[in-house]
Amino acid sequence: MIEINSSALIGKGLHRECYVHPQDKNLCIKVAVNENIKETQREQKYYRFLKRKNICWDMLPKFYGNIDTNMGSGAVFDMIRNHDASVSKTLEHYLDSNENTESHYAGLVQSLALLKAYLLTENIITMTIKPKNILYQELDAENGRLFIVDNIGNSDLLPICNYSKRLGNKKILRKWQRFESSLLKTYPDNKALVRILANLN
Ligand SMILES: Nc1ncnc2c1ncn2[C@@H]1O[C@H](COP(=O)(O)OP(=O)(O)O)[C@@H](O)[C@H]1O
Ligand SMILES: [Mg+2]
C-alpha cells in the first residue's frame, strides 16, 4: 500500500483530490472524495480504449492504472510540470486576469490551436471542455502546451463517435465551439482572451 501524506495535495475538483506520488514526483495519484464510481469507470474505460488505439499522448496525461493507498483506491497519471519543475496551473488561472493572459498571449494562442488539432487528429472525444480541467504547461517564457486532465470520453449509449472519425470530429468541433463560447461568457472583461479566440479562427 502507498502512504500518501495530506501535504502532497496539489489540486482538488468536485470528485477527486490530486496528490504527488510519494515515490515519483512526475506522477500524480487521484483519489475519489465524493465517490462517483460510474464517472471513474467511464474515464478508465475510455483511457484503455485510447491505449489500444495507440494514440499519441502529447496533450493527455498517461494513465498507469490503480493502486491501493491509505486514502483508498488511487488512479495514477503523469504529473504535468513546467520547465522549472513547478506543477502546471489550470487554464482557468491564466484566464482569470487580463494580465495573466496577456503575459502568455503567444503561448496560449499557439497551444489552443494545437490542442484543437490534436483532439481532431486523434479523434479524442470529450464531455464538456472546461478551463479548470485543462493545464497550461509552461515550456519557457513564450511557449506552452495544454493538457486535458479531466472529462474525456463519451457518455453516448452507442458510442459510434469513438469508431467513426467523421462523426467523432463533428462532435469534437461542436464541443470546442461551446468551449469557446463559454470562455467568452465567463471572462467577458478579458480583452486578451477575445483577441486569442479571434486569432484562432
Ligand atoms: N495530471 C495532472 N498533473 C497536474 N495537476 C493535475 C493533474 N490532474 C489534475 N490536476 C490538478 O488537480 C485538479 C483536480 O483534478 P481533476 O481530475 O479535475 O479532479 P475532478 O475529477 O474532481 O474534477 C485539477 O484542476 C488540477 O489542478
Ligand atoms: Mg476536474
Side-chain angles (χ1 to χ4, degrees), residues 2 4-51 55-67 69 71-97 100-101 104 107-108 111-112 114-115 118-119 122 124-140 143-155 175-176 178-179 182-183 186-187:
I2 299 271
I4 302 174
N5 193 304
S6 56
S7 65
L9 184 74
I10 53 109
K12 190 174 174 354
L14 283 178
H15 305 293
R16 299 181 288 187
E17 287 176 343
C18 186
Y19 294 91
V20 182
H21 192 302
Q23 287 154 6
D24 186 342
K25 66 177 178 40
N26 291 314
L27 295 176
C28 67
I29 307 177
K30 293 189 187 183
V31 290
V33 276
N34 298 315
E35 199 68 84
N36 189 339
I37 294 171
K38 262 223 163 99
E39 185 62 25
T40 304
Q41 281 174 344
R42 193 189 49 72
E43 177 181 81
Q44 299 199 354
K45 191 172 160 203
Y46 192 63
Y47 260 99
R48 286 195 296 272
F49 169 75
L50 294 179
K51 210 169 176 179
I55 64 151
C56 117
W57 298 90
D58 277 359
M59 294 169 224
L60 210 55
K62 270 192 186 145
F63 170 56
Y64 298 100
N66 298 298
I67 52 167
T69 82
M71 300 188 180
S73 176
V76 180
F77 293 89
D78 279 327
M79 173 79 96
I80 309 306
R81 290 184 182 272
N82 300 325
H83 62 99
D84 65 358
S86 60
V87 175
S88 298
K89 295 200 174 86
T90 64
L91 182 59
E92 194 171 54
H93 163 83
Y94 288 90
L95 298 180
D96 260 344
S97 81
N100 266 350
T101 311
H104 293 87
L108 287 169
S111 60
L112 277 164
L114 283 176
L115 179 63
Y118 169 75
L119 295 177
E122 300 291 356
I124 296 169
I125 312 292
T126 63
M127 315 281 279
T128 309
I129 310 175
K130 296 176 186 162
K132 65 175 171 191
N133 291 325
I134 299 178
L135 300 185
Y136 180 73
Q137 179 185 47
E138 294 185 15
L139 296 173
D140 58 45
N143 299 290
R145 185 189 284 190
L146 295 170
F147 284 84
I148 298 197
V149 299
D150 186 18
N151 249 1
I152 64 156
N154 191 336
S155 61
K175 299 272 179 187
W176 189 273
R178 283 190 206 145
F179 167 57
S182 76
L183 289 182
T186 314
Y187 307 100

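When a ligand or atom number is given, it counts from 1 through the structure's own listing order.
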Quick check on contacts: which atoms of ligand 1 are under 4.0 angstrom from a heavy atom of [X]?
X	result
Met79	3 (N), 4 (C)
Gly11	12 (O), 13 (C)
Asn133	18 (O)
His15	22 (O)
Leu14	22 (O), 23 (O)

[atom]: the protein heavy-atom neighbour that sits closest, reported with distance to 0.1 Å:
atom	answer
atom 15 (O) of ligand 1	Lys30 NZ, 4.2 Å
atom 13 (C) of ligand 1	Lys12 N, 3.6 Å
atom 23 (O) of ligand 1	Asp150 OD2, 2.9 Å
atom 1 (N) of ligand 1	Asp78 O, 2.8 Å
atom 10 (N) of ligand 1	Cys18 SG, 3.7 Å
atom 24 (C) of ligand 1	Lys132 O, 4.1 Å
atom 21 (O) of ligand 1	Arg16 NE, 2.9 Å
atom 26 (C) of ligand 1	Leu135 CD2, 3.9 Å

Would you check whether [X] has a nitrogen or oxygen atom less than 3.5 angstrom from a nitrogen or oxygen atom of ligand 1?
X	value
Ile80	yes
Cys28	no
Thr90	no
Ser88	no

Using modelled atom types and a 3.5 Å cut-off, is there a donor and acceptor pairing between side-chain atoms of [X] and backbone atoms of [Y]?
X	Y	result
Asp140	Asn143	yes
Ser73	Thr69	no
Asn5	Ser7	yes
Arg42	Ile152	yes
Asn34	Leu14	yes

_Tell me which one of Ile29, Val31, Ile4 satisfies side-chain contact (heavy atoms from CB on, under 4.5 Å) with Glu17._
Val31

*State whether Phe63 and Lys51 meet the cation-pi test: NZ (Lys) or CZ (Arg) under 6.0 Å from the six-membered ring centroid, and within 45° of the perpendicular axis.*
no

_So, taking the atom named CD1 in Ile80 and the one named CD1 in Ile134, what distance separates them when rounded to the nearest 0.5 Å?_
12.5 Å

*Kindly determine whether Asn66 and Val76 satisfy side chain to side chain contact (heavy atoms under 4.5 Å, CB included), including the steps that lead there.*
CA-CA 6 Å; Asn66 298 298; Val76 180; over 6 Å; no

*asked:* Given Val149, Asn151, Ile148, identify the one with the heavy atom nearest to atom 7 (C) of ligand 1.
replied: Val149

*Kindly give the atom name of the N, O or S atom of Asp150 closest to the Mg ion (ligand 2).*
OD2

Return the minimal non-hydrogen interatomic distance between [X] and [Y], and the atom names on each side.
X	Y	value
Pro61	Phe147	N-CD2, 4.0 Å
Tyr47	Leu60	OH-CG, 3.9 Å
Arg16	Val149	NH2-O, 4.1 Å

*Please state whether the separation between the Mg ion (ligand 2) and some N/O/S atom of Asn151 is under 2.8 Å?*
no

